[in-house]
Amino acid sequence: MQRHLLRLPSCRANGKCDRIGHDLLIQGTRATMAQRQTSPTPRRLLARVRDVMAGAGTAQERLNEIVAIIATDMVAEVCSIYVQRAGEVLELFATQGLKPTAVHQTRLRVGEGLIGHIADHARPLNLADAQNHPLFAFRPETGEEIYQSLMGVPILRGGRVIGVLAVQNRTRRNYAEEEVETLQTVAMVLAEMVAGGELISRDEMLPADGNALLPLRLEGVRLNSGHGMGVAVVHKPHHNVRHLVAENPDHEHERLRSAVSEMHGALDDMLKATDLADGGEPRDILETYRMIAEDAGWLARMDEAISSGLTAEAAVQKVHNDIRARMSKVTDPYLHERLHDLEDLANRLQHHLIGGEEMAPQNNLPGEVILVARTMGPAQLLDYDRTSLRGLVLEEGSPTAHVAIVARALDIPVVGQARNVLSRIEPGDPVMVDGDNGLVYIRPGEELVHGFQETIAARHRSKAAYASLRDLPAVTLDGERIELNINAGLLVDMQYLEETGADGIGLYRTEVPFMVRSQFPDVEAQSALYGTVLDQAKDKPVLFRTLDVGGDKVLPYWSQSVEENPTMGWRAIRIALDRPALLRQQLRAMIQAAGGRDLRLMFPMIAEVAEFDAARAIVDLELDRVRDRGLPPPKTLSVGSMIEVPSLAFQMPALLERVDFLSIGSNDLFQFLFASDRGNPRLSERYDPLSPAVLSFLRTVLDQCRDAGVPLGLCGDMAARPLDAMALIGLGFRNISVPPPFVGPTKMMIRSLSVKPLAQYMDALYNLPRHSVRSGLRAFALDHGVKI
Ligand code: PEP
Ligand code: MG
């Protein structure tokens with residue numbers, strides 16, 4: 001959520017913010033504020049509806065009573081409630097005024113008629129002459145032809161439409177804006193009853209495809225491999241609002257005021273706490289956020305809702321509902337992001353109102369769990385009890401999403417971009433996640449469960465086989481020792497060093513710990529962190545990469561101006577050289593932490609030797625500084641660069657004179673070599689790393705490194721596929737770094753490989769005019785008994 005907070009202020013710079021503040025926050029407020037002084041509030045109506053809801057009788061009887069009360073109170077001849085059923089159908093569930101025989105008979109599709117239109121657009125409709133509206137759908141069984149005017153509102157829950165509440169009058173009546181508000185408020189209270197499972201089962205409610213009760217198979221994107229099964233737990237940053245109707249509105253106004261002031265205080269603390277004041281943008285971000293939190297329109301709308309009889313938390317929820325309903329209809333990505341920000345603010349305010357207890361449903365997980373979320377931050381994932389998590393399913397998410405990175409570190413299978421999963425899954429549903437193939441099975445049948453259990457068992461057997469290799473060296477059949485390292489980014493990853501028997505950390509992504517924090521860590525915090533990493537690595541080497549933020553790697557507390565092409569934008573070393581204070585602090589922390597020990601560090605996204613020189617100069621500066629302060633310097637210092645921008649490969653002689661080692665970042669390198677976005681699933685199979693182009697490129701770099709005596713490693717995802725890793729070793733790589741789960745399979749491959757025949761075989765591949773040489777390499781592996 002905080003991510004959005006950061007983006008918000010950039011709107012100030014481009015001038016769009018004012019418009020949005022107006023459109024989204026104040027919309028409707030002026031009218032209602034003006035009318036408030038003259039019109040009665042619906043408090044009495046709300047209290048009566050609440051009493052009936054809590055009273056005796058069946059749900060249908062109570063609903064019948066409620067429509068009668070609303071009709072009387074609003075001086076309407078008709079009041080009807082439509083509930084959305086499976087298959088996007090709105091069924092008339094209760095009516096006062098229409099023919100009683102139409103109840104449970106009249107059904108409209110979402111989008112059909114005026115009622116369907118309200119549901120489709122999640123917005124109220126207020127028509128003095130409904131009969132002549134082009135969308136009016138005449139249903140003779142209702143007898144509604146005699147009613148001229150209609151006013152209807154969506155019944156919303158969690159931002160989704162679950163029904164429609166409408167009133168009608170015989171005359172051409174112009175319903176006042178305040179009456180619309182009243183009906184919305186009543187609809188919000190009614191939503192509790194509709195969603196409660198008494199009218200229609202929860203299973204049936206809102207399945208996007210009408211198949212909620214049936215097993216479902218959803219295709220998504222592989223974000224982390226592995227298989228897991230468990231019951232669905234839906235991650236919702238929302239709070240559970242239990243008390244909706246206020247007993248004492250004055251008290252509720254007071255509660256809202258004090259929660260708002262607490263929230264302001266917390267935002268002020270955030271403003272004070274940020275040590276990025278010199279950076280300019282972060283301060284703007286927080287200030288603009290703070291400004292929106294003070295927006296009179298937003299707050300007035302909540303006050304208004306309290307005056308209409310809601311509790312403070314229900315009032316916040318109501319405004320939140322409006323926001324979410326609008327969000328579902330907004331296509332402009334900029335507006336969408338701003339609405340996310342408002343949603344975030346509503347959540348914060350709710351936190352101050354309801355308190356901490358509601359914030360941590362994570363602690364009561366029902367055994368083995370598949371977590372389902374629209375999207376979530378890495379820190380939010382870490383809030384859940386890891387021992388219960390068997391899988392993660394996201395409606396959004398990309399391979400480089402932070403939550404995916406963290407989930408990989410925790411070895412949790414993840415499927416992303418599972419469309420509409422939240423509307424297809426109910427908490428408690430059995431779910432299976434196939435992270436290898438990007439598939440999610442909801443409410444799977446017995447046979448499927450059985451097959452899945454077998455797959456999981458087979459995986460366990462392979463794991464056991466890999467574990468037996470743990471203490472054996474990664475050495476080929478013909479005696480070539482391969483340094484097999486792991487990629488890490490969090491302290492939780494350090495356990496895998498021991499567990500996998502890897503030789504060391506071949507890439508420590510220092511941005512990851514920055515990403516999971518709520519504020520920028522100072523030098524002391526960073527130093528403590530790097531010290532702990534070195535302690536936990538014991539005598540194994542650690543290669544720290546300096547901050548690679550920007551692009552898709554967003555720090556929640558760091559302003560990220562919207563860029564057309566962020567992966568080629570202001571990121572990594574470019575930020576570090578433009579804001580040298582950041583890099584200085586990080587290097588100081590690393591040098592301090594490594595006092596008396598070996599320090600290995602490298603820079604990301606270096607595109608030219610001059611950038612390396614500039615970054616290296618800062619290392620020397622900080623080294624002198626540490627010495628001047630009488631602190632122990634590192635025992636040894638090795639400084640290298642990643643090769644992930646192709647231009648660097650054309651400056652090898654100068655580069656090789658300056659670096660202690662190099663490491664290929666294949667993820668970025670290939671996207672730039674092929675001009676093919678690494679995060680775009682449509683392109684993920686378009687180019688093959690095992691192509692003559694890539695192999696020739698790597699061989700040229702390798703040859704030059706070998707001649708200069710500079711070690712070259714590879715730490716991108718390419719090395720994580722055993723067949724690709726085999727090709728890298730055939731090319732001449734002797735140092736690769738893979739995510740922890742891939743150490744076992746890679747070592748198994750290495751220990752079954754003879755390099756010499758492979759290198760000879762590969763000699764013929766470099767000049768082939770082929771899209772890919774993968775099939776040939778696979779055939780080689782099979783012919784030679786290489787375990788890929
Ligand atoms: C790479 O680009 O291959 C790499 C290792 O860096 P990252 O994936 O963190 O961008
Ligand atoms: Mg990279």
Side-chain angles (χ1 to χ4, degrees), residues 222-224 378 397-409 484-490 493 502 504-516 542-555 563 565-576 586 600-607 611-612 615 640-649 661-680 683-684 687-690 694 697-698 701 712-721 724-725 728 733 735-740 742 746:
R222 291 171 285 167
L223 297 188
N224 192 31
S398 66
T400 43
H402 313 142
V403 66
I405 294 173
V406 174
R408 280 200 287 276
L484 182 54
N485 294 310
I486 56 169
N487 296 343
L490 289 168
D493 296 336
I505 306 281
L507 167 65
Y508 193 94
R509 291 182 165 100
T510 58
E511 62 276 7
V512 182
F514 281 62
M515 275 156 40
V516 298
V542 178
L543 175 47
F544 289 107
R545 180 178 73 184
T546 60
L547 269 187
D548 182 6
V549 289
D552 63 317
K553 297 173 185 171
V554 183
L555 300 184
E563 292 185 276
N565 210 337
T567 49
M568 293 206 224
W570 196 55
R571 60 174 278 207
I573 200 68
R574 300 165 185 186
I575 295 181
Q586 190 179 32
R600 295 165 55 74
L601 61 94
M602 65 177 170
F603 305 113
M605 287 288 290
I606 296 278
E611 284 175 341
F612 178 82
S641 169
M642 292 197 70
I643 299 189
E644 43 189 356
V645 184
S647 57
L648 203 56
F661 60 88
L662 290 168
S663 181
I664 303 268
S666 57
N667 306 339
D668 277 313
L669 178 65
F670 298 164
Q671 78 165 341
F672 298 134
L673 265 183
F674 286 117
S676 168
D677 183 348
R678 76 191 242 189
N680 184 340
L683 296 175
S684 59
Y687 302 100
D688 193 344
L690 294 184
V694 168
F697 182 96
L698 294 179
V701 174
L712 174 69
L714 189 142
C715 61
D717 286 347
M718 180 181 183
R721 289 180 291 267
D724 299 42
L728 291 173
F733 279 89
N735 179 324
I736 53 178
S737 193
V738 297
F742 298 94
T746 310

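One-based numbering, in listed order, for ligands and for the atoms of each.
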Sub-3.5 Å donor-acceptor pair from the side chain of Arg574 to the main-chain atoms of Met568, do we have one?
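Yes, Arg574 side chain to Met568 backbone: donor-acceptor pair under 3.5 Å.
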Can you name the atoms of ligand 1, numbered from 1 with element, that are less than 4.0 Å from a heavy atom of [X]?
X	value
Met642	4 (C), 5 (C)
Cys715	5 (C)
Ser666	3 (O)
Glu644	1 (C), 2 (O), 4 (C), 6 (O)
Leu507	5 (C)
Asp668	1 (C), 2 (O), 3 (O), 10 (O)

At the Mg ion (ligand 2), what's the angle from Glu644 OE1 to Asp668 OD2, rounded to 10 degrees?
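Computed angle, vertex at the Mg ion (ligand 2), rounded to 10 degrees: 100°.
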With heavy atoms under 4.0 Å as the rule, classify the contact between [X] and ligand 1 as side chain, backbone, both or neither.
X	answer
Met718	neither
Asp548	side chain
Arg678	side chain

Quick one, Leu673 and Tyr687 - any side-chain contact, counting heavy atoms below 4.5 Å?
no
Should Ile736 and Leu484 count as side-chain neighbours, where that means a heavy-atom distance under 4.5 Å?
yes
Testing the basics here: between Asn485 and Gly504, what is the closest heavy-atom pair and its distance to 0.1 Å?
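In terms of heavy atoms, the two residues are closest at OD1-N, 2.9 Å.
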Indicate the atoms forming the closest heavy-atom contact of Asp724 with Leu690, along with that distance.
OD1-CD1, 3.7 Å
Tell me whether Arg571 is salt-bridged to Asp668, with the criterion being a basic N under 4.0 Å from an acidic carboxylate O.
yes
Ring geometry between Phe612 and Phe603 (parallel below 30°, tilted from 30 to 60°, perpendicular above 60°)
perpendicular
